[in-house]
Protein chains: 2
Amino acid sequence: MTVERNDTKNKILDIAEGFIVKGGYNAFSFRDIADAVGIKSASVHYHYPTKGDLVSAVMGRYTRDFSELLPNPNDDKFDPKMLLDGFIKGFKDKVVDQRDMSLCTMLTSNKAILPESVGAELAAFYQLILDWLSQVFVRLDPINKDSGLILASQLLACLHGASILVQGTNQSEFFDHALSEWRSRYL
Amino acid sequence: MTVERNDTKNKILDIAEGFIVKGGYNAFSFRDIADAVGIKSASVHYHYPTKGDLVSAVMGRYTRDFSELLPNPNDDKFDPKMLLDGFIKGFKDKVVDQRDMSLCTMLTSNKAILPESVGAELAAFYQLILDWLSQVFVRLDPINKDSGLILASQLLACLHGASILVQGTNQSEFFDHALSEWRSRYL
DNA sequence: TATATTCTATCTATCACTAGGTAGGTAGAA
DNA sequence: TTCTACCTACCTAGTGATAGATAGAATATA
């Protein structure tokens with residue numbers, strides 16, 4: 001496990017993630033990635049034999065990074081409102097500042113045509129996020145786990161939808177508009 | 001203008017819409033459409049010279065159909081709550097019953113890689129929908145047009161996001177969960 | 001009315017190009 | 001010497017798109 005090995009492998013993932021976020025599963029090729037990395041397409045296949053392998057590696061890393069980034073929702077030293085606010089801010093960064101859709105939104109819209117391995121990684125991501133948000137909501141309000149999940153799905157839908165709206169209208173104000181009710185209720 | 005002529009043209013649009021809704025702009029080919037219609041791909045090009053022409057025709061028809069379907073939001077014989085409920089129901093039909101994403105959600109997620117002509121059709125659709133919803137909200141509450149637009153964008157984001165959530169988790173309950181707050185507030 | 005012309009909707013065949021993927025080779029590091 | 005990370009060269013199967021032909025319907029003209 002030299003440093004170089006991981007560098008190329010990660011660079012491929014970085015660039016693939018950028019392409020996916022821009023146009024989805026079918027909007028890039030091994031050659032696109034090879035050109036961007038500065039190697040040949042056969043070498044990309046060396047690291048990730050099939051496109052499914054590549055994209056599920058991208059999604060897997062995304063989930064792993066997320067799970068490391070998210071604080072323990074039950075740790076008393078974190079205020080739940082702050083956790084929620086941080087989550088929303090992270091999303092907004094992607095959608096408004098970088099004018100990208102989230103990897104998750106993008107791949108979900110492609111779900112019907114994805115290899116099964118990518119679908120599994122996506123499901124794991126939703127599990128992680130919904131679970132985390134549920135726990136935050138349970139701490140925020142004296143509610144049970146089921147109600148926490150409902151609130152979690154409301155917020156997550158709102159965020160996904162806001163990013164669609166920003167992308168579709170080219171007006172980033174819509175992100176804050178779409179979330180204003182949410183903010184005034186919980187933050 | 002024989003009947004037959006329009007039949008093929010519309011059949012192509014029907015089938016193209018189905019493919020787009022399933023996998024987006026890059027997930028189908030002229031041959032896929034030709035096979036489904038029962039003609040050759042060259043004949044599809046005869047009706048719609050380029051892929052951009054084809055997809056913007058699909059989106060254009062979608063917008064036209066929508067604008068004919070939506071009742072006049074200022075007509076006193078329609079209760080605004082009923083208008084809103086009908087709109088949400090229509091969306092739910094697509095997302096939950098047919099397990100599809102809306103054409104609009106799908107193409108928006110592909111926006112960065114779409115030909116400019118399709119982007120223009122998409123923008124026209126957002127204009128139509130946001131305008132219609134705004135007017136309904138203005139009738140529902142004694143608010144100004146700006147507040148109406150904000151509520152419109154909140155609902156539209158919620159609907160888009162709910163469809164993403166359903167697609168991503170494979171659990172259609174999330175549609176109603178994501179909209180429950182909305183429903184209890186306005187319906 | 002009969003003939004000539006044009007148009008429509010399709011075909012076959014092909015273009016240049018790109019897709020994902022593979023076989024086999026090679027320089028250098030372990 | 002074996003392994004890693006790359007290469008060149010290639011394959012098959014498509015991609016969007018075009019050229020040129022044709023049967024039949026519609027239209028214009030003699």
Side-chain angles (χ1 to χ4, degrees), chain A residues 1-20 22-59 61 106-107 110 112-119 121, chain B residues 1-20 22-59 107 110 112-119 121:
Chain A
M1 302 272 181
T2 64
V3 179
E4 278 175 53
R5 172 141 95 229
N6 279 315
D7 272 354
T8 303
K9 280 194 96 132
N10 280 319
K11 205 172 169 189
I12 291 172
L13 294 185
D14 290 342
I15 286 166
E17 184 169 336
F19 277 121
I20 297 166
K22 195 179 158 216
Y25 187 82
N26 276 309
F28 71 98
S29 69
F30 276 78
R31 280 164 183 83
D32 291 331
I33 289 177
D35 289 348
V37 176
I39 58 179
K40 298 291 166 177
S41 73
S43 309
V44 182
H45 281 285
Y46 167 79
H47 293 287
Y48 303 97
T50 70
K51 201 175 185 180
D53 292 334
L54 170 57
V55 177
S56 59
V58 170
M59 193 65 219
R61 185 184 66 165
M106 194 69 227
L107 282 180
N110 285 166
I113 53 154
L114 292 177
E116 207 269 314
S117 61
V118 184
E121 291 291 346
Chain B
M1 300 273 181
T2 65
V3 179
E4 279 175 52
R5 173 142 93 231
N6 278 314
D7 273 353
T8 302
K9 280 194 94 130
N10 279 319
K11 205 171 169 191
I12 291 171
L13 294 186
D14 290 342
I15 286 165
E17 184 169 336
F19 277 121
I20 297 166
K22 194 180 159 217
Y25 188 81
N26 277 308
F28 71 98
S29 70
F30 275 78
R31 278 160 184 86
D32 291 332
I33 290 176
D35 288 349
V37 177
I39 56 179
K40 298 292 165 174
S41 73
S43 308
V44 182
H45 281 285
Y46 168 78
H47 293 287
Y48 302 99
T50 71
K51 201 175 186 181
D53 293 333
L54 170 58
V55 177
S56 59
V58 170
M59 194 62 219
L107 282 180
N110 284 167
I113 54 153
L114 293 177
E116 207 267 315
S117 61
V118 185
E121 291 290 345

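Quick note on labels: first sequence line is chain A, next is B, and so on, each numbered from 1. As the structure is a prediction and not an experimental result, all values here were calculated from the model.
- Looking at the side chain of B:His45, the nearest of the listed nucleotides D:dA17, D:dA5, C:dT10 is D:dA17.
- Taking side-chain N and O atoms only, B:Ser41 has no distance below 4.0 Å to OP1 or OP2 of D:dA17.
- In terms of the side chain to side chain donor-acceptor pair (under 3.5 Å) criterion, A:Ser117 has no residue partners (sequence neighbours excluded).
- Residues forming a ring-ring contact (aromatic ring centres under 6.0 Å, His included) with B:Phe30 (at least two apart in sequence, or on another chain): B:His45.
- Each of D:dC7, C:dT12, D:dA17 was ranked by its minimum atom distance to the side chain of A:Ala42; first place goes to D:dC7.
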If you restrict it to nitrogen or oxygen atoms, what contacts under 3.5 Å exist between nucleotides 15-19 of chain C and the protein, and what is each distance?
residue, atom, partner, partner atom, Å
C:dA19, OP1, A:Ser29, OG, 2.9
C:dA19, OP2, A:Ser29, OG, 3.3

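- Rounded to whole Å, the distance from OH on B:Tyr25 to C1' on D:dT15 is 12 Å.
- Stacking of A:Lys22 on the aromatic ring of A:Phe28 is not recorded, the 6.0 Å distance cut-off and the 45° axial limit not both being met.
- Look at B:His47 and you won't find any side-chain N or O under 4.0 angstrom from OP1 or OP2 of C:dT8.
- We find that NZ of A:Lys40 is positioned 18 Å from P of C:dT26, with the value rounded to whole Å.
- Note on residues 31-44 of chain B: pairs passing side-chain hydrogen bond (donor to acceptor under 3.5 Å, both in side chains), not counting sequence neighbours, are B:Ser29-B:Asp32.
- Atoms CD1 (B:Ile33) and C1' (D:dG16) sit 12 Å apart, rounded to a whole Å.
- If you take CG of B:Asp35 and P of D:dG14, they are 10 Å apart, rounded to a whole angstrom.
- For A:Tyr46, a side-chain nitrogen or oxygen approaches OP1 or OP2 of D:dA5 to under 4.0 Å.
- For B:Ile15, the side chain to side chain contact (heavy atoms under 4.5 Å, CB included) criterion is met by B:Lys11, B:Phe19, B:Ile33, B:Ala36, B:Val37, not counting sequence neighbours.
- Under the side chain to side chain donor-acceptor pair (under 3.5 Å) criterion, A:Glu17 pairs with A:Arg61, sequence neighbours left out.
- Regarding A:Asn10, its CG atom lies at a distance of 12 Å from the P atom of D:dA5, rounded to whole Å.
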